[in-house]
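These values consider heavy atoms only, across backbone and side chains, with no hydrogens, waters or symmetry-generated copies.
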Protein chains: 2
Amino acid sequence: MREKRCGRGAWWQDRFQDMGARITAPREVVLDILHETDDHVSATDVYVKAHEINPTIGLTTVYRTLDMLTQMGIVQKFDFGDGKSRYELVNNPDGKKHHHHLICLRCKTILDYTEFLDDELEFIGKTQNRLSKKYNFNITDHAISFYGFCEQCK
Amino acid sequence: MREKRCGRGAWWQDRFQDMGARITAPREVVLDILHETDDHVSATDVYVKAHEINPTIGLTTVYRTLDMLTQMGIVQKFDFGDGKSRYELVNNPDGKKHHHHLICLRCKTILDYTEFLDDELEFIGKTQNRLSKKYNFNITDHAISFYGFCEQCK
DNA sequence: TATTTATTGAAAATGATTTTCATTATTAAA
DNA sequence: TTTAATAATGAAAATCATTTTCAATAAATA
Ligand SMILES: [Mn+2]
Ligand SMILES: [Mn+2]
Ligand SMILES: [Zn+2]
Ligand SMILES: [Zn+2]
């Protein structure tokens, strides 16, 4: 089941090197867990799984690692309205590809969709260019969310 | 300064009628405040202002009203990463028009942008149609966010 | 090896949001 | 209008996700 992705280290390890951040056991475990799931996991979700693998890992470190990864653009942090932040790997080689969300305002169901990415790519690319130029912003990622009511709730 | 928008009542009052929700003093005050601001206000922000106008209004009611308005699609709830939810009127007749956000991952600065709405309209409209059909979702709103690093932080 | 720096986890603190519950205002029924 | 049912409200308490502190440990560097 669990196996390493790349030759001598996962793709994200280079990013750590560049930042002068150490590749530690807790951080590896968190990244592994994120790679293994297709869900929108909360910090506690990650902590519980991490704890199974290595009971010494603390919740604080999970939070810190998740924050770090968010700032590095490796994970995306979401608030779907259920009171806790949820995290998702931006590029999961084995799992979910680039996608966006349909969010039910009543039951808070989250639906991932991956369709129509060609249209999106065009629109986002163009907009991103214009924005980063105009506002002198270094744009690293984006999110598109549609809100409404799901089949059950409408 | 403060004056009523429409003849016999604000546009949102009809929405309340339809839902069988009562138009009460606290709710009017919250809506007024939302109309008057161009900021991304937190529940506490609203509470403080509400309290100035009418000191009997409680924080709990502000939360409840904001939640209600979010479900009705009258306000949009955001998490910009600073630990508290922020709210914005979706359609502010006097204030902000439809817009989206540029979010700095480091200093959490939020930049509203209103440009390129024509391109957006085309893309969003098309996508929304396809999605609501395919997933049988009643889409009422959307949000587009770009993440990255602002002038100061990059 | 000695020294500096980064990382960690437990415990405590924080603070936003929710829940409870008794009271009050509004609507519907009689 | 009186009465009964329902919705809305606010204070206080409870919850609970997230952050802060701080002393201990591990890793990098001189
Ligand atoms: Mn997703
Ligand atoms: Mn805005
Ligand atoms: Zn739903
Ligand atoms: Zn910034």
Side-chain angles (χ1 to χ4, degrees), chain A residues 9 12-13 15-31 33 40-72 75 77-87 105-108, chain B residues 9 12-13 15-31 33 40-72 75 77-87 105-108:
Chain A
W12 54 267
Q13 302 198 338
R15 306 282 315 277
F16 273 58
Q17 300 280 3
D18 296 343
M19 293 214 38
R22 297 179 188 165
I23 295 158
T24 65
R27 288 172 178 177
E28 284 194 308
V29 169
V30 169
L31 262 303
I33 289 168
H40 311 102
V41 287
S42 67
T44 306
D45 292 340
V46 175
Y47 169 70
V48 168
K49 295 186 187 191
H51 209 258
E52 288 169 7
I53 298 171
N54 180 346
T56 74
I57 295 174
L59 178 57
T60 312
T61 298
V62 170
Y63 270 106
R64 281 192 285 235
T65 304
L66 254 14
D67 266 7
M68 187 187 187
L69 295 173
T70 302
Q71 294 229 358
M72 295 174 70
V75 309
K77 183 181 181 183
F78 293 100
D79 174 22
F80 293 135
D82 67 340
K84 54 195 108 189
S85 296
R86 304 204 161 258
Y87 302 84
L105 289 171
R106 198 173 141 276
C107 70
K108 321 269 159 141
Chain B
W12 53 266
Q13 302 199 337
R15 305 283 314 278
F16 272 59
Q17 300 281 4
D18 296 344
M19 294 214 39
R22 298 179 187 166
I23 296 160
T24 65
R27 288 173 178 174
E28 282 192 309
V29 170
V30 169
L31 261 304
I33 289 167
H40 310 102
V41 288
S42 67
T44 306
D45 292 339
V46 175
Y47 168 68
V48 167
K49 295 187 188 190
H51 208 258
E52 287 169 9
I53 298 171
N54 179 345
T56 74
I57 295 175
L59 178 58
T60 312
T61 298
V62 171
Y63 270 106
R64 280 190 286 234
T65 304
L66 253 15
D67 267 7
M68 187 187 188
L69 295 173
T70 302
Q71 294 229 358
M72 294 173 73
V75 310
K77 184 182 180 183
F78 293 101
D79 174 22
F80 293 135
D82 68 339
K84 55 195 108 190
S85 296
R86 302 204 162 258
Y87 303 83
L105 290 170
R106 198 173 141 276
C107 70
K108 322 270 160 143

Under-4.0 Å salt bridge between B:Lys77 and A:Asp79 | no
So which nucleotide from C:dT7, D:dG10, D:dT18 ends up closest to the side chain of A:Ala21?
-> C:dT7
Can you tell me how far P of D:dC16 sits from CG of A:Asp82, to the nearest Å?
-> 13 Å
In whole angstrom, what separates A:Lys84's NZ from C:dG15's C1'?
-> 17 Å
Mapping B:Met68 and B:Pro55 onto DNA chain D by nearest heavy atom, which one lands closer to the 5' end?
-> B:Met68
In whole angstroms, the gap separating C1' of C:dT17 from OH of B:Tyr47 amounts to 15 Å
Rounded to the Å, how far apart are A:Gln17 CD and D:dA28 P?
-> 9 Å
Answer with base, sugar-phosphate or nothing: what part of the nucleic acid does A:Ser85 contact at a heavy-atom distance below 4.0 Å?
-> sugar-phosphate
Any B:Thr61 side-chain nitrogen or oxygen under 4.0 Å from OP1 or OP2 of D:dG10 = yes
When you get a sec, tell me which of D:dT21, C:dT17, D:dA12 is the closest nucleotide to the side chain of A:Arg64?
-> D:dT21
Roughly how many Å is it from CD1 in A:Ile57 to P in C:dT8, rounded to a whole number?
-> 9 Å
OP1, OP2 of D:dT9 versus side-chain N and O of B:Thr24: anything below 4.0 Å?
-> yes
From D:dT18, D:dA8, D:dG10, nucleotide with atom closest to B:Arg22 side chain | D:dA8
Mutual orientation of the aromatic rings belonging to B:Tyr47 and B:His51 [parallel < 30°, tilted 30-60°, perpendicular > 60°] = tilted
Tightest non-hydrogen contact, residues A:Ala43 and A:Val62, listed as O-CG1, 3.6 Å
Starting from the 5' end of DNA chain C, give me the residue, A:Leu59 or B:Gly83, whose nearest nucleotide shows up first.
-> A:Leu59
Which part of the nucleic acid, if any, lies within reach of A:Thr56 when heavy atoms closer than 4.0 Å are counted: base, sugar-phosphate only, or nothing?
-> sugar-phosphate
Among D:dA17, D:dA7, C:dG9, find the nucleotide with the atom closest to the side chain of A:Tyr63.
-> D:dA17
Is the shortest side-chain N/O distance from A:Arg27 to OP1 or OP2 of C:dT8 below 4.0 Å?
-> yes
To the nearest 0.5 Å, atom CE of B:Met68 lies from atom CZ of B:Arg27 at 4.0 Å
Rounded to the nearest 0.5 Å, how far apart are NE2 of A:His40 and NZ of A:Lys84?
-> 15.0 Å
Distance in angstrom units between A:Asp45 CG and D:dA17 P, rounded | 10 Å
Atom NE2 of B:His51 and atom C1' of D:dT9: how far apart are they, to the nearest Å?
-> 13 Å
Separation of B:Asn54 atom CG from D:dG10 atom C1', in whole Å?
-> 12 Å
